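Okay, structure first, notes after.
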Amino acid sequence: MKWILGMIWLAFLAYAWIWAPGKQVGSDPVFRELITLQSKEAWLMTVFSWLGIYPAIFACLLLKIPANERGSRVPVWPFVLLSFGLGAFALLPYFAWSSPKRSRRGTEQLHFGYRRRSIIGRIAGHKLTYGILLLLTLGTACYGFIQGHPAVYMEAFRQSSFVHIMTIDFVVLTLLSVIAIYRDAVFSRRSRVWALTGLVPLIGPLVYMIVDRRSAA
């Protein structure tokens with residue numbers, strides 16, 4: 001799996017820089033409209049905003065477990081931080097290089113008294129955070145379905161290299177969420193079938209975390 005993810009990352013980089021169709025960022029009016037939040041097409045704004053919500057979801061999935069418990073030698077926070085600007089370009093290397101451990105059976109790890117977690121860890125593991133992200137997801141989805149025009153989006157997909165890469169990035173992030181949920185389920189000894197919820201973009205991972213009994217209410 002590591003080699004496959006590594007090859008996907010390299011292929012994604014090559015495709016984005018060399019073969020992606022449409023106008024390049026420097027001469028792309030669609031890119032300028034999106035980056036200044038002035039696009040009039042609802043679906044373009046919706047998918048663009050989802051690429052901001054997805055990194056927050058991955059931050060919750062990957063940072064809610066303390067690093068010393070997660071067991072991976074690869075620090076996750078630099079990849080999560082970069083994902084807010086680079087999306088899957090930043091997260092693919094982490095999933096390719098990291099090798100999380102399985103949680104111990106039986107009592108797993110014993111914690112006497114309060115288990116100290118960082119502020120970021122507490123935010124990432126709190127159901128209020130998931131609720132806010134779910135509301136943002138549903139709100140932007142409603143905006144897209146009510147005001148959007150799929151034909152306009154598809155035209156931008158063909159004409160704009162940024163929209164083209166942005167769309168593929170969204171698909172890759174969705175597939176990576178399946179892997180992230182699977183690893184978390186294995187670690188926490190939950191059913192691995194939960195990984196299939198990652199196929200429902202954004203909502204699936206949020207539902208997975210909301211129903212997790214380990215999450216703070």
Side-chain angles (χ1 to χ4, degrees), residues 1-26 28 30-31 34-35 44 46-65 67 70-102 120 124 133 137 153-154 156-187 192 194-206 208-209:
M1 177 61 75
K2 290 185 177 182
W3 285 102
I4 294 175
L5 291 174
M7 293 300 294
I8 292 175
W9 179 56
L10 293 175
F12 193 15
L13 284 172
Y15 183 81
W17 285 102
I18 302 173
W19 294 300
K23 294 181 180 179
Q24 297 302 309
V25 170
D28 186 0
V30 178
F31 169 75
L34 284 173
I35 207 69
L44 287 172
T46 295
V47 176
F48 185 69
S49 65
W50 283 350
L51 291 180
I53 297 174
Y54 242 143
I57 292 175
F58 276 99
C60 293
L61 277 168
L62 299 174
L63 296 176
K64 62 190 178 77
I65 301 174
R70 189 170 55 247
S72 175
R73 296 182 179 181
V74 181
V76 64
W77 67 265
F79 299 93
V80 169
L81 187 61
L82 289 173
S83 71
F84 281 91
L86 300 176
F89 288 104
L91 289 173
L92 271 169
Y94 171 76
F95 284 100
W97 295 335
S98 64
S99 54
K101 66 180 181 180
R102 183 190 299 267
I120 294 177
L133 293 175
T137 299
Y153 187 95
M154 292 307 301
F157 178 78
R158 292 188 293 267
Q159 299 289 335
S160 168
S161 62
F162 179 77
V163 175
H164 193 89
I165 296 168
M166 176 180 79
T167 306
I168 297 175
D169 187 40
F170 179 78
V171 174
V172 174
L173 287 172
T174 299
L175 297 177
L176 282 179
S177 71
V178 175
I179 299 175
I181 294 173
Y182 177 84
R183 290 185 177 184
D184 187 83
V186 169
F187 178 84
R192 300 177 186 184
W194 275 108
L196 296 177
T197 61
L199 295 175
V200 182
L202 300 133
I203 296 175
L206 288 170
Y208 168 79
M209 291 186 289

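Since this is a predicted model, take the numbers as computed values, not measurements.
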Check your understanding: What do the steps show when you test Asp184 against Tyr208 for side-chain contact (heavy atoms from CB on, under 4.5 Å), and what is the final call?
Key -> CA-CA 10 Å; Asp184 187 83; Tyr208 168 79; 2.5 Å; yes
Contacts of Phe95 meeting ring-ring contact (aromatic ring centres under 6.0 Å, His included) (sequence neighbours excluded), chain-then-number -> none
Taking the side chain as everything from C-beta on, heavy atoms only, tell me whether [X] gets closer than 4.5 Å to [Y].
| X | Y | value |
| --- | --- | --- |
| Leu91 | Leu82 | no |
| Phe79 | Leu92 | no |
| Phe58 | Leu176 | yes |
| Trp50 | Pro201 | no |
| Ile181 | Pro205 | yes |
| Leu63 | Val76 | yes |
| Leu175 | Val172 | no |

Value for CG (Leu206) from CD1 (Ile53), rounded to nearest 0.5 Å, stands at 8.5 Å
dist Phe157:CZ -> Ile168:CD1 (nearest 0.5 Å) comes out at 5.5 Å
With sequence neighbours left out, write down each residue that passes side-chain hydrogen bond (donor to acceptor under 3.5 Å, both in side chains) with [X], or none if nothing qualifies.
| X | value |
| --- | --- |
| Ser177 | none |
| Thr46 | none |
| Thr167 | Tyr153 |

Check whether any side-chain N or O of Tyr182 sits under 3.5 Å from a backbone N or O of Arg192 as a donor-acceptor pair, and report yes or no.
no
(Q) With side-chain contact (heavy atoms from CB on, under 4.5 Å) as the criterion, how do Met209 and Ile57 come out once you've worked through the C-alpha distance, each side chain's angles and the decisive distance to 0.1 Å? (A) CA-CA 9 Å; Met209 291 186 289; Ile57 292 175; 4.0 Å; yes
Nearest heavy atoms of [X] and [Y], plus distance in Å:
| X | Y | result |
| --- | --- | --- |
| Val178 | Ala195 | CG1-O, 3.5 Å |
| Ala124 | Cys60 | O-CB, 3.5 Å |
| Ala59 | Val80 | CB-CG1, 3.5 Å |

- Query: Can you check side-chain contact (heavy atoms from CB on, under 4.5 Å) on Phe162 and Phe48, steps first, answer last?
  - Reply: CA-CA 10 Å; Phe162 179 77; Phe48 185 69; 3.9 Å; yes
Here the salt bridge (charged side-chain N to carboxylate O under 4.0 Å, His left out) pairs for residues 156-179, sequence neighbours left out, are Glu155-Arg158
Return all side-chain donor-acceptor pairs below 3.5 angstrom for residues 8-22, not counting sequence neighbours, or 'none' if the list is empty.
{"residue": "Trp9", "atom": "NE1", "partner": "Phe89", "partner atom": "O", "Å": "3.0"}
{"residue": "Tyr15", "atom": "OH", "partner": "His164", "partner atom": "NE2", "Å": "2.6"}

Sequence neighbours excluded, the answer for side-chain contact (heavy atoms from CB on, under 4.5 Å) partners of Val30 is Asp28, Leu34, Leu44, Ser160, Val163
Contacts of Ala96 meeting side-chain contact (heavy atoms from CB on, under 4.5 Å) (sequence neighbours excluded), chain-then-number -> Leu5
Criterion side-chain contact (heavy atoms from CB on, under 4.5 Å) on Thr174 and Val200, from CA distance to verdict: CA-CA 8 Å; Thr174 299; Val200 182; over 6 Å; no
Residues pairing under side chain to side chain donor-acceptor pair (under 3.5 Å) where one sits in residues 79-93, two or more places apart or in two chains, turn out to be none
